[in-house]
Structures are given as C-alpha cells and as structure tokens.
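Accompanying notes for the structure given below.
Reminder, nothing fancy here: chain letters follow the sequence lines and each chain counts from 1.
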Amino acid sequence: MKRYSPKDIEPKWQKKWAETNLYAAEDYSAKLKYVMLTEFPYPSGAGMHIGHMREYSLGDIVARYKRMQGYNVLFPMGFDAFGLPTENYAIKNKITPQKATEDNVTNFVAQLQSMGFSFDWSRRFNTSDPDYYRWTQWLFLRFVKAGLAYQAEIAVNWCPFCKTGLANEEVVNGRHERCDTPVEKKLLKQWMLRITDYADRLIDGLDTVDYPSRIADQQINWIGRSKGAEIDFAIENSDTRIKVFTTRPDTIFGATALVLAPEHPLVIQLTSLQQKEHVNAYIKSAAAKSDVERQDTDRDKTGVFSGSYAINPASGEKIPVYVADYVLTGYGTGAIMSVPAHDERDYAFAVKYGLNIVPVIRPKKAVKTASEPVFTAEGVMFNSGKYDGLASSDMREQIVKDLAEQGVAQEKINYRLRDWIFSRQHYWGEPIPIIHCPKHGAVQVPEDALPVELPKVAHYEPTHTGESPLAAIEDWVNTTCPKCGGPAKRETDTMPNWAGSSWYYLRYFDPHNAKAFADRKLLDYWGAVDMYLGGMEHTTLHLLYSRFWHEFFYDEGLVPTPEPYAARRGQGIILAADGTKMSKSKGNIVNPNDVIDNGYGADALRLAITFLAPYDQTTPWSPEALGGTFRFLQRLWTLVNEYVESDGGESESDDLKRVVNRTIRKVDQDLLDYGFNTAIATLMECVNQLYRIKAKDNFSSIEWQWAIESTLKLVAPFAPHICEELWEVIGNDGSIHLESWPAYDPAWTIDQDVVIAVQINGKIRGEVKVQRGADQKTVLAAAEREHSVKNYLAKKEITRVIYVPDKLLSLVIN
RNA sequence: GCCGGAAUGGCGGAACUGGUAUACGCGCACGACUCAAAAUCGUGUUCCUUUUUGGAUUGAGGGUUCGAUUCCCUCUUCCGGCACCA
C-alpha cells in the first residue's frame, strides 16, 4: 500500500481539474442554479493567509455539496484590484500598479489553486481591467443621469498619510480604518452618491433577505433612522427663524435654550455686538479641534452665549441662544432645542452655564426614591399647558400637529447615514468619466468613448494639494468637450476602491460581454446570489454599498431582483495562536503554502480550518489541529486501500448500514445548518466506527463497497483531493465531484434497542435496555429489576412517574 | 450609554423543540511495535473523595420544573458594532 502523500496527489488532481474545466458553470442549464459567492480578494503584495482560506474553504464545501446535489453551481473568483495598497506597493517597489497587480494576481491564483478550490476560473477578471471598469464607469453615469451622483464642495475627511479624501464609512473613531491615521477636514469639491435616498429601502429590504440578525442590526444601526420633528423657533426682535430637529417634541415646554453648532450658517447673524469677540474666538477654537477630540464624549461641554434670544413656540418663554460644539453640523438642522430636565447632554450644559432646568415629564408611577436629575424616559406631562396629565408618548405626534397648524413644525425623519463621498485623489482607481467644459460644466463622457482609460505613466505619486496626480498629466487632462468640441478638461479624481466591488457579482454572470455589463437574459437566469459569504468588517462598507447600487439598478430596470444577495453569512476571523490578530508587523501570519509544503497538504489544512470552531466564530489558530485532521485523512486512506486489497466474503454487520446511514443524515443536516465543524466530527466518528466494524466483519463486495463509496462522497466536499484519488483507487472512472450526493434510508438510522436513563428524584441512578417503542409499564418493570435502581426504591413509595418514550424514565419517590 | 453575541474539562469545541453534559479533535498518561526514537496502533483521561460506593460540576446568585448548558430574573466578565445623531 502506498503511503498517503498529499504532495503527490494534490497537484496531480489540481492539474486535471483545470485541464478538464471540471467546475465550469453552465449558462442556461436544465438544472436548478445556485450562485455561491465568496468575497473576492484584494490582491496585495503580502499574499493570502489562512484567514482568507477559511472563507474560500467554506464556500468551496457548499459549492461542491450543491454540485453533487445536482445544482448548476456558479462559484466564481476574481480580483478587487484597484486601491491604495497596490499603489503604495508599486511606489515602494518602483513598478507600475498595473505590473504590481499582475504579479500579485498571479501569486493569488497560485495560492488559491494549491488549495483545490472549485472555482470556475473561466469567469475570472480584475476590477482594474479596462474591459471591466468600462462598465463601472458606465454604471456611474447612470447615477449621474438619475441625479444620484452630484458634485459638492464639502469638508471631507482627509487622510494626510494616504493623501486622499475618505467616505464616512472609512473613518473609524476619527481615524482612517486602513492606516489608523487621524483624519483632517479639508474643503474639496467632491463627487457624491445619494445613498441617503435609499436609506429606507436599505432598511426595509433587509426583511426580504436571509441575513443573520447581527448583520442586519448593524446595517440598521449604521443607517440610524430616527423619527422626530423639525420645529421653528422665532428670534426675538427679528424675522429670523431657527429650525431645530428633535425626537422628543413632547418635551418642548422644557426647552430653556436654543443651541447652534459653531458651523451653523446663522451664527454670525445672531451674534450681538457685545458677544461678537467671544463667539468668534469660540468658532475658531472649535474649528481647530480634530474629529478625534470633538467626538470624545467624556469631554466637558463648552459653548458661548450669542447675545440673542429665541421664543419657545409652545410656552412663549424667552430663551437664550447659545453656540456649542456638542451640537453637530451635518445632522438634523445643526441646531437643537435644549431640554436640560430630559436630556443628559443638555443637562450637563445647562448646569455649567446656569441655564434654567424646567421638568415637564414625570414618571407614571410615583417613585419614592429621589428622582434622578435627568428623566429621559416616557411619562406623564406637566408644566405643559393643555397637555398636562397626558402621556408623553401619546402626545408626541399631537404636539407636532398642533404646532404645524401654526406653521412652525413638521414631522421629519433623519438618518445617521450620510451621502457617499465618491472621489479619491489617487491614480490607481477608475477615472470618473466626466469632462469639465467652461461652457457646459460637467459633461458626461459619451458611452462609445468608454472606457476612459487610466494613462500609463511613470509618475503617479499622490500630491499634498488635494488634487489627483492625474491633474499633472496634461496630454490626458486636456481634451475637448463632447457637447461643443471646445477645449475642456477631464475630471482628475478617481473612484474609491468600493466602486468596482459594488457590482462585480453581476459580471460573473457574463464576464466577457463587450456590449453590456451583462446580458439581460443571463442576469435573469442567474438572478440573485443565493449565498454570499464574507467578512463581518464589510457590513457597513462593501455590503451596504453594493446593496445600494443594486437597488438603484433595479429601479433603473437593469437587474431582475430588488436585492443582490438572497442570503448572507459572515465568517469569523482566525486569530494567531496567541489570540491576537494576524498581522505582518507582528510576524504571526500563517501562510497556507507553508502548511501545504510541510507535508500536511491542502486537504488537511482545509479540514483543520473548518473543524477548528463554528464557521462564524472568531477563533485562534491551532497548529496542532492539523495533526488531527491529517491523521483522520490517513486513516481514511488506509481504510480504503485495505478494502481494495482485501477479498472478503459477505458482510455480517447491521452496524455498517446503521453507521453510514446515520452519518449521511447528520452530515446532510449539518451542511444545511452550516455546522461544518460538527459535520467533520461526524465524518471522523464514521471512519472510526468503520474501523471497529471492519475488525469483526468481512469486507464484502456489496455492502462495503456502498459504505466506502458513500463515505468518500461525504468527505469529498471537505477534502477533495484525497477523495478523488481514492475514488480512482477503488476503480471508478470519472470525478467523484460530479457524483450524486448519497441518500440515506431513514429505517437504518434508528436502533431496535434503546437505552433508557432512569432518574430518581431528578438524579440519574441507572439505565435499562429495552426495545424501541416499549411502553411505560414495561420500562418501569425493567427499571425495578435493575439493581442500581432497586436500592433507591427499597421501602420507598413512588409518587410520580414521568416517561419520555425511548429516552428517559423519571421517578419521584418520598 | 445604546444594539448584538458569548462564557461548558488542561485546550479548541459538542449537546435536536427542557430529557443520560463533556461528542469530535488536541494535549497528557500508560501499553504494544522498535536496539532506540519518530510514526502507527490500543487503553485511559471533567473535578473531588475513594477499593467500590459516593459527591460536585456548564461564569456567579436566585426562580420555574420530576428534570435546566437550554426557559425566566439579578449580577460579573469578555468580544463585535454604534456613539455628543438631540
């Protein structure tokens, strides 16, 4: 018998699968389609570590399982090639980003192939291919045409290290999520996408798809829909009105001040002569603060009196107008009514500046203990004129209605979500297909002139000026206006790296189409992605962005489904063995190729990654796990080879049928539930059991052939190389991966005899073996004969008997 | 502060709608094979006490129940997300 040597068999089958294009998906098959999508990787210089391989291993298991179940499976792979890391890598290595991408992709493909994943490589593309980004540009122009892409001069989050503007989603705690540099504000004219128009759809659409609640909740949280009202406050001795947003109109009688963000456009106008100096100084100091400082919630509230007064439209009271930077510009109206008695922040501010604190809501039930200074819950209104004695929750809308009749209020929904800043001041991205004409303004590049290709140049380093390096490439920038033919300049900003990934799954359906981003008939055939597996860290970035694009495309009639992904799952992160994140700087990255080259092979690695923990759980890597999965494969290898070499008689074991039928049932169920780790445990148990049975039984030609073949089929999605090899060893032609998934006979998954646990006063005191389906009387009689039980029953009276058929007998005695 | 998730042997983890807690794997111990080691195979392995018997045990405390890892209440710790969003 040959030894199990992955080094010999794995490359052999990888080559054969590639040559026969074994895993190619068919367009328009009579079979049911199944699109298994795993997030495509960013081809960095560092290569992939085993964390990446978790995602693809899981996707591959499902893809192979579905294929064996008779689905026409599309399991594609491509590369999300545009973006900063490649640009930085290229600058560092003094090569072009094009070359860097090519090198990195070659490396990535080799890594993926050495794992034996069943991707349909014929559909592969890079988002940086002009044939691909042509359609990214084309789709962007659809946003422009629909008025969902617009230019605005705004204070963007600027990363001084990466030298580019960033989207809201890319800033975490005031820092750039990729490089951890604190972001600055920079006033730039930017292209924006109106994702806020889709805020409600992005929330409501979640009801129609199968996402884990933590993913859905996170998106809902991020969008941050809150219902409230906008209320106008008149300024004393002036026609000016200040609009505030509040979710608690019911507390309006307690509003004892108006507070404006320092950036509010009316601040200057409202500032009195005496206060001018103070207010100007305050605005200046607020502007000097970084986002990190301003977002620190522990910070003392600061502010300054403007010198003006407003009139509370409900109470008619005169209240002071303050300027304070705890009020944010860019959310709501940038102004609030301050209700110190019922809001923690307003309370802290009021205490510091000596503002009136007027309670207007009290708890429904009188509380004996001293009430807290701030009462933020619902309650009963008082100090509130005609609303006194009514429930605050009931009156919330009524007050708005009443104020609306006076023309000073309206209902309003606000979102935390901001529009998506879509311009980046870098070379390595899709050029924004716009030409700026002195006469016609921003003109769209005509469809037949797409793609607007990136010029191939030697120098593309980012600038400090906020301008893209493309601006310096004169013969590219200077062009003619598509409308009038006069001299014009190209837009020099590029798209963010989230652009290409916002629609890539659609391109897999028709990757080589030169006439459209994808043929409509193919889009109709493949439909929504059936399962999308990816990282939790993309929930409020890529996943949200691509849902937005897709929902827009649906409205434009470009795609057949309102949502892109019918189901989504997020795999957990694999940490280093010490429980910290794998990172290049710590040098604790585990490279899958090292594991493979060490002799364990891809199959053992795939099993180890999957067996480690539930797929969605963050878990530390354990190198020892490889030993276990390798031994399992070795045992499988030996078992099958011994079977081939033996010439037994008839099988005399019923256990054989039982074990295999039960294994099929359990693995089936586990794969349905994504219980990959328990599926592998079941397979290990199965092989162990087969060894035990074999020791007492003959290897017969029929029962054992069925048992061995079924077992191999069950293991095949998890460890594809060894099963393919053993499939050949036992004398089969063709690939095991195109075989049909084994079915089980339910009759053979149950035992004739069952062991029944006997509890006495809640404690297990013994067990009895009876026939399946035995009645209570029989079991009780058997239990009473059982000597371990007998002692407890002596001289006692059984007061109650609970019998769970085939499982347990519970006796209560006194 | 708000939203979500988790806590089970020395370790990773298992346990269906409340029904024999610790499956599977790692590690460890002992044994077989070997001159020896590795590899492989076999046996054992929650803890305490013990010859057996017995007792305790799923982060802590309480509750419901014949019976709770599972349901309810209170609390602790950890992880992820959001956060001066009015």
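Note on A/Gln617: only backbone sugar-phosphate atoms sit closer than 4.0 angstrom, heavy atoms only; bases stay farther off. At a threshold of 4.0 angstrom between heavy atoms, the contacts of A/Val327 include nucleobase atoms, whether or not backbone atoms are also involved. Within 4.0 Å (heavy atoms only), A/Lys301 reaches at least one base atom of the nucleic acid. As judged by a 4.0 angstrom heavy-atom cut-off over every strand, A/Ser226 is placed among residues touching the sugar-phosphate backbone only. Note on A/Asp346: nothing from the nucleic acid sits closer than 4.0 angstrom, heavy atoms only. The residue A/Arg631 sits close only to the backbone: its heavy atoms come under 4.0 Å of sugar-phosphate atoms, none of a base. Residue-level contact check: A/Val804 touches the bases, meaning some heavy atom is under 4.0 Å from a base atom. Contacts of A/Arg418 with the nucleic acid, taken as non-hydrogen atoms under 4.0 Å apart, include base atoms. Counting any heavy atom pair closer than 4.0 Å across all strands shown, A/Pro620 reaches no nucleic acid atom. Counting non-hydrogen atoms under 4.0 angstrom, A/Val755 reaches a base of the nucleic acid. Residue A/Ile764 is classed as a sugar-phosphate contact, given heavy-atom separations below 4.0 Å to backbone atoms only. At a threshold of 4.0 angstrom between heavy atoms, the contacts of A/Gly762 are confined to the sugar-phosphate backbone, with no base atom among them.
Nucleotides B/A23 and B/G12, compared at atom C1', are 13 Å apart to the nearest Å. Comparing the C1' positions of B/U64 and B/G81 gives an interatomic distance of 35 Å, to the nearest angstrom. Spacing between B/G44 and B/U49 at atom P, rounded to whole Å, works out to 23 Å. Rounded to the nearest Å, the gap between the P atom of B/U53 and that of B/A14 is 31 Å. Atom P of B/G27 sits at a distance of 39 Å from the matching atom of B/C82, rounded to the whole Å.
Side-chain rings of A/Phe349 and A/Tyr322 approach one another, their centers coming within less than 6.0 Å.
Cation-pi geometry between A/Arg635 and A/Tyr691 is met: under 6.0 angstrom from the ring centre, within 45 degrees of the axis.
Between A/Gln634 and A/Arg631, the side chains place no donor N or O within less than 3.5 Å of an acceptor N or O (distance only, hydrogens not considered).
Pairing partner, B/G27: B/U45, with both Watson-Crick or wobble hydrogen-bond distances short of 3.5 Å.
Following rounding to the nearest Å, A/Trp222 (CH2) and B/G4 (C1') show an atom-to-atom distance of 16 Å. Computed from coordinates, the A/Tyr803 OH to B/G67 C1' distance equals 16 Å when rounded to whole Å. To the nearest angstrom, P of B/C82 lies 11 Å from CZ of A/Arg416. Following rounding to the nearest Å, A/Ile802 (CD1) and B/G18 (P) show an atom-to-atom distance of 16 Å. Summarising the geometry, the separation between CG on A/Leu575 and P on B/C79 is reported as 12 Å, rounded to the nearest angstrom.
The listed nucleotides are B/C84, B/G4, B/G55; the one nearest the side chain of A/Arg765 is B/G55. Ranking B/G12, B/C66, B/C24 by closeness to the A/Leu612 side chain, first place goes to B/G12.
Within 6.0 Å of the NZ atom in A/Lys352, the count of heavy atoms belonging to other residues, nucleotides or ligands exceeds 12.
Interatomic distance, A/Tyr282 OH to A/Ser306 OG, rounded to the nearest 0.5 Å: 13.0 Å.
One can find a donor-acceptor pair under 3.5 Å joining the base of B/G19 and the side-chain atoms of A/Gln759.
For the pair A/Asn761 (side chain) and A/Ile813 (backbone), a donor-acceptor distance under 3.5 Å is present.
Its glycosidic angle being within 90° of 0, B/G9 falls on the syn side.
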